[in-house]
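Everything on this sheet refers to the single structure shown next.
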Amino acid sequence: FDPSATGTFNITAAFADDRPVLHGPHNVNGTLGFAPGGVTVSAGYEYLMDGSLGVGGYVRMFPKETGPRNAAPGILVLGVGAGHHFYKKNWDLSFTPSLGIINIDAIAGDDVTTLGPGLGIGLAYQLTGVWAVGFENTRYWVWFNSDYAGELRDDMSVKVRATF
């Protein structure tokens with residue numbers, strides 16, 4: 001605010017810069033992480049509808065561990081989500097709420113297929129116009145099964161994204 005300049009004032013907001021120059025509206029990504037059952041992997045696709053909103057789908061797998069230490073059910077999630085991206089130069093902070101069909105390979109008892117929400121929070125650095133690398137924390141919840149109701153998994157993974 002500088003009232004002495006011309007009698008007007010300028011307000012500058014710097015909450016997000018323009019996104020880096022990318023090769024297109026299509027993002028494909030993969031993650032790799034570690035959980036009690038072992039190595040976790042995922043693959044996903046996102047179509048950027050504008051500079052900061054994308055819609056897409058994903059598949060994520062968590063292996064089963066039946067041993068006496070770190071026992072965990074196997075999990076397969078097929079979901080759809082809406083990614084919201086906030087850019088600051090080459091950095092991309094994203095929040096992706098999702099809804100998924102969750103198949104749980106039980107440690108003991110019957111396997112379960114249910115439905116539940118997810119939330120991914122990621123931070124990626126755009127290396128080139130095509131490639132970005134970063135981290136993503138994703139959480140999944142179960143809605144419709146009393147044995148697994150509530151938070152099912154909290155996962156931190158390395159994420160690689162290609163844009164074309």
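Worth knowing before you read on, the calculation uses all heavy atoms, side chains too, and leaves out hydrogens, waters and symmetry mates. Residue numbers count from 1 along this sequence.
- Both Leu93 and Trp131 are assigned to one and the same hydrophobic cluster, defined by single-linkage of ILVMFWY side chains at heavy-atom distances under 4.5 Å.
- Within the 4.5 Å cutoff, side-chain heavy atoms of Pro73 are placed close to those of Ile107.
- Val77 places a side-chain heavy atom less than 4.5 Å from the side chain of Tyr58.
- One hydrophobic cluster, built from ILVMFWY side chains closer than 4.5 Å, cannot hold both Val28 and Val41; they sit in different ones.
- Put simply, the side chain of Ile75 reaches to within 4.5 Å of the side chain of Arg153, judged on heavy atoms.
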Chi angles and distances behind the side chain to side chain contact (heavy atoms under 4.5 Å, CB included) call for Met49, Val55 = CA-CA 7 Å; Met49 297 172 62; Val55 294; 3.8 Å; yes
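- Closest approach of Ala106 and Gly109 over heavy atoms only: CB-O, 4.0 Å.
- The side-chain hydrogen bond (donor to acceptor under 3.5 Å, both in side chains) search around Asp147 returns none, not counting sequence neighbours.
- In this model, no donor atom of one side chain and acceptor atom of the other lie less than 3.5 Å apart for Tyr87 and Ser52.
- Interatomic distance, CD of Glu46 versus OG1 of Thr163, reported as 8.5 Å (0.5 Å rounding).
- By the 4.5 Å heavy-atom criterion applied to side chains, Phe164 and Val130 are not counted as neighbours.
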Side chain to side chain contact (heavy atoms under 4.5 Å, CB included), that's the test. Do Tyr148 and Thr114 meet it? Break it down for me. CA-CA 9 Å; Tyr148 296 99; Thr114 185; over 6 Å; no
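- Contact of the Phe86 side chain with the Asp92 side chain is not registered, since no non-hydrogen atoms from C-beta on lie closer than 4.5 Å.
- Remark: Ile101 CD1 to Leu78 CG distance equals 6.5 Å, nearest 0.5 Å.
- Between the Lys64 side chain and the Ala72 main chain, no donor and acceptor come within less than 3.5 Å of each other.
- Partners of Asp155 by side-chain hydrogen bond (donor to acceptor under 3.5 Å, both in side chains), not counting sequence neighbours, listed by chain and number: Arg60, Ser157.
- Tracing side-chain contacts under 4.5 Å through hydrophobic residues (I, L, V, M, F, W, Y), one reaches Val160 starting from Ile121; they form part of the same cluster.
- Of the N and O atoms on the side chains of Asn90 and Gln126, not one donor lies less than 3.5 Å from an acceptor on the other residue.
- Hydrophobic clustering places Leu123 together with Phe95 (ILVMFWY residues linked when any side-chain heavy atoms are closer than 4.5 Å, directly or through intermediates).
- Nearest heavy atoms, Pro97 versus His84: CD-CD2, 4.0 Å.
- Tyr140 and Phe135 are not part of a single hydrophobic cluster, where members link through side-chain heavy atoms under 4.5 Å apart.
- Of all heavy-atom pairs between Ala124 and Ala132, the closest is CB-CB, 4.3 Å.
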* Asked: Please walk me through it: do Asn27 and Leu48 pass side chain to side chain contact (heavy atoms under 4.5 Å, CB included)?
  -> CA-CA 8 Å; Asn27 285 335; Leu48 292 170; 3.7 Å; yes
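- Taking the side chain as every heavy atom from C-beta outward, Ile102 and Leu115 never approach each other to under 4.5 Å.
- For His26 and Tyr45, the side-chain atoms include at least one donor-acceptor pair closer than 3.5 Å.
- With values rounded to the nearest 0.5 angstrom, Thr31 atom OG1 is found 13.5 Å from Arg161 atom CZ.
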TODO: Walk me through it: do Asn145 and Thr113 pass the test side chain to side chain contact (heavy atoms under 4.5 Å, CB included)?
DONE: CA-CA 9 Å; Asn145 183 282; Thr113 300; over 6 Å; no
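- Separating the OG atom in Ser94 from the NZ atom in Lys159 is a distance of 5.0 Å, to the nearest 0.5 Å.
- Using modelled atom types, one finds a donor on one side chain and an acceptor on the other under 3.5 Å when comparing Asn137 with Asp154.
- Residue Trp91 holds its CH2 atom at 15.5 Å from NE2 of His85, rounded to the nearest 0.5 Å.
- Within a 6.0 Å radius of CG in Asp110, no more than 12 heavy atoms belonging to other residues, nucleotides or ligands are found.
- The closest side-chain heavy-atom distance from Val133 to Leu127 is below 4.5 Å.
- Of the inter-residue distances, the one linking Met156 atom CE with Thr138 atom OG1 reads 9.0 Å to the nearest 0.5 angstrom.
- With contacts defined as side-chain heavy-atom distances shorter than 4.5 Å, the pair Phe62/Val39 does not qualify.
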